[in-house]
Amino acid sequence: MTIERVAIVGLGLLGGSVGLAIAECLPGVTTTGYDADPDVRRRAAERGLAGTVCDTPAEAVRDADLVLFCVPVGAMEAAARACAEALPPAAIVSDVGSSKAAVGEALARALPGRRVIPAHPVAGTERSGPDAGFASLFRQRWCILTPPADADPAAVDALGQFWEALGARVEIMEAAHHDLVLAVTSHIPHLIAYTIVGTASDLEEVTRSEVIKYSAGGFRDFTRIAASDPTMWRDVFLSNREAVLEMLGRFTEDLTALQRAIRRGDGEALFDLFARTREIRRSILEQGQDDARPDFGRADHASPARPGSAR
């Protein structure tokens, strides 16, 4: 099975990056794109995020071998239903959402009997919209496929090869396990970031100008994460609520233990925790999943030429 025509539904950061990456890495593949926002379609056409930017979803998917839904997870089912009648029977249907069990169920409901293979490229930045995409976003990042038990092996292989061609490393995982893993590595960190930045903005004893002026590196990192697309993250937390709540419960227990250690002046417990977590950071750097340069390479972060934080 070969993928020669790709339809991208949703032309923001991820959809736009897919289109640019295809143009750079798979120049023989034809791309069509659609976004519900006419202003996004106009800008996507100007940037060349797809070979043809279409005015309707049906037009975009009509001849596709692969249809990628790059919309917020809460909008997946509606987007799929809008494409259902025009979708070729043999097309592979996939997505880029950060939660997989709920998305897989939504796509299956909207497109019964179709080749639905959910996927999650674990890549992104805090930026959003058609100007945010860049071709190297997926380079050396993981893309997790969560095919259903009855998925066509040839279709799974074709989708994996597609993501590898865009520079990603592919892993296959059960949807429920993916959601648990991402709750720990992505969703809870985002929830913490939104919370701590919100707490800082609500402090009556500290002015907003002081929060901005004296932000240390840790808080700056939190604000970067908390600047992510609110629609997308609202939908992620609602669609992956069970795994998020399970991990949030574990985190709350650990936070309570840490609070107890601080209250008791238990320096040994604090040191042991900090030493253990430091090893996690070293392992992430060793696997090339982040930047070890001073200040985490922030001088280059604004450039769309390098990948951003994992989602």
Side-chain angles (χ1 to χ4, degrees), residues 1-36 40-41 43-73 75-76 79-97 103-104 107 110-111 114-124 130 132-139 141 143-147 151-152 154-170:
M1 180 179 295
T2 58
I3 294 174
E4 298 178 348
R5 297 176 295 275
V6 178
I8 305 165
V9 180
L11 295 169
L13 167 64
L14 290 173
S17 294
V18 168
L20 293 172
I22 290 173
E24 182 176 293
C25 304
L26 295 168
V29 171
T30 300
T31 56
T32 54
Y34 171 78
D35 195 282
V40 171
R41 294 200 299 271
R43 183 58 181 148
E46 291 172 353
R47 287 202 66 204
L49 301 185
T52 303
V53 177
C54 304
D55 290 327
T56 68
E59 182 185 356
V61 306
R62 185 167 288 118
D63 298 316
D65 301 314
L66 169 64
V67 177
L68 280 178
F69 289 101
C70 303
V71 299
V73 293
M76 289 285 180
R81 289 189 186 282
C83 300
E85 290 188 6
L87 187 69
I92 299 170
V93 176
S94 191
D95 74 299
V96 298
V103 166
L107 292 177
L111 303 169
R114 300 305 182 104
R115 288 174 166 167
V116 175
I117 305 172
H120 177 206
V122 188
F134 53 98
S136 63
L137 178 63
F138 311 109
R139 196 171 299 159
R141 303 299 186 187
C143 183
I144 303 172
L145 310 187
T146 60
D152 179 357
V156 175
D157 288 344
L159 184 61
Q161 290 169 18
F162 167 78
W163 280 110
E164 287 174 346
L166 301 191
R169 293 182 283 181
V170 173

Are the charged groups of Asp63 and Arg5 less than 4.0 angstrom apart, N to O? no
Drop me the distance from [X]'s [atom1] to [Y]'s [atom2], to the nearest 0.5 angstrom.
| X | Y | atom1 | atom2 | value |
| --- | --- | --- | --- | --- |
| His120 | Asp95 | NE2 | CG | 9.0 Å |
| Leu159 | Leu145 | CG | CG | 5.0 Å |
| Leu49 | Thr31 | CG | OG1 | 9.0 Å |
| Arg141 | Ser136 | CZ | OG | 9.5 Å |
| Leu66 | Leu68 | CG | CG | 4.0 Å |

Between [X] and [Y], what is the shortest heavy-atom contact and its length?
| X | Y | value |
| --- | --- | --- |
| Leu107 | Met76 | CD2-O, 4.1 Å |
| Cys70 | Ile8 | SG-CG2, 3.9 Å |
| Arg115 | Ala91 | CB-O, 3.6 Å |
| Ala7 | Ala60 | CB-O, 3.3 Å |
| Phe69 | Val93 | CE1-CG1, 3.6 Å |
| Gly97 | Val73 | CA-CG1, 3.8 Å |

Audit row: Phe162, Val29, side-chain contact (heavy atoms from CB on, under 4.5 Å) steps and yes/no: CA-CA 10 Å; Phe162 167 78; Val29 171; 5.6 Å; no
Donor-acceptor pairs under 3.5 angstrom involving side-chain atoms of residues 79-88: please list them, not counting sequence neighbours.
unit_1 : atom_1 : unit_2 : atom_2 : d
Arg81  : NE     : Glu77  : OE2    : 3.3
Arg81  : NH2    : Glu77  : OE2    : 2.7

[X]: what forms a side chain to side chain contact (heavy atoms under 4.5 Å, CB included) with it, not counting sequence neighbours?
| X | answer |
| --- | --- |
| Arg62 | Ala58, Glu59 |
| Asp157 | Gln161 |
| Thr52 | Thr32, Cys54 |

I'd like a table of donor-acceptor pairs (distance under 3.5 Å, sequence neighbours excluded) in which one partner is a side-chain atom from residues 10-26, with atom names and distances.
unit_1 : atom_1 : unit_2 : atom_2 : d
Ser17  : OG     : Leu13  : O      : 2.7
Ser17  : OG     : Phe134 : N      : 3.0
Ser17  : OG     : Phe134 : O      : 3.3
Glu24  : OE2    : Arg139 : NH2    : 3.0

In sequence, state the C-alpha distance, the side-chain angles, and the governing distance for Glu4 and Thr30, and then conclude on side-chain contact (heavy atoms from CB on, under 4.5 Å). CA-CA 6 Å; Glu4 298 178 348; Thr30 300; over 6 Å; no
Holding to salt bridge (Lys or Arg N to Asp or Glu O under 4.0 Å), I want the full list of residues that pass it with Glu164, two or more places apart in sequence or in another chain. none
Between Pro121 and Trp163, is any pair of side-chain heavy atoms under 4.5 Å apart? yes
Side chains of Ile144 and Val122: closer than 4.5 Å at any heavy-atom pair? yes
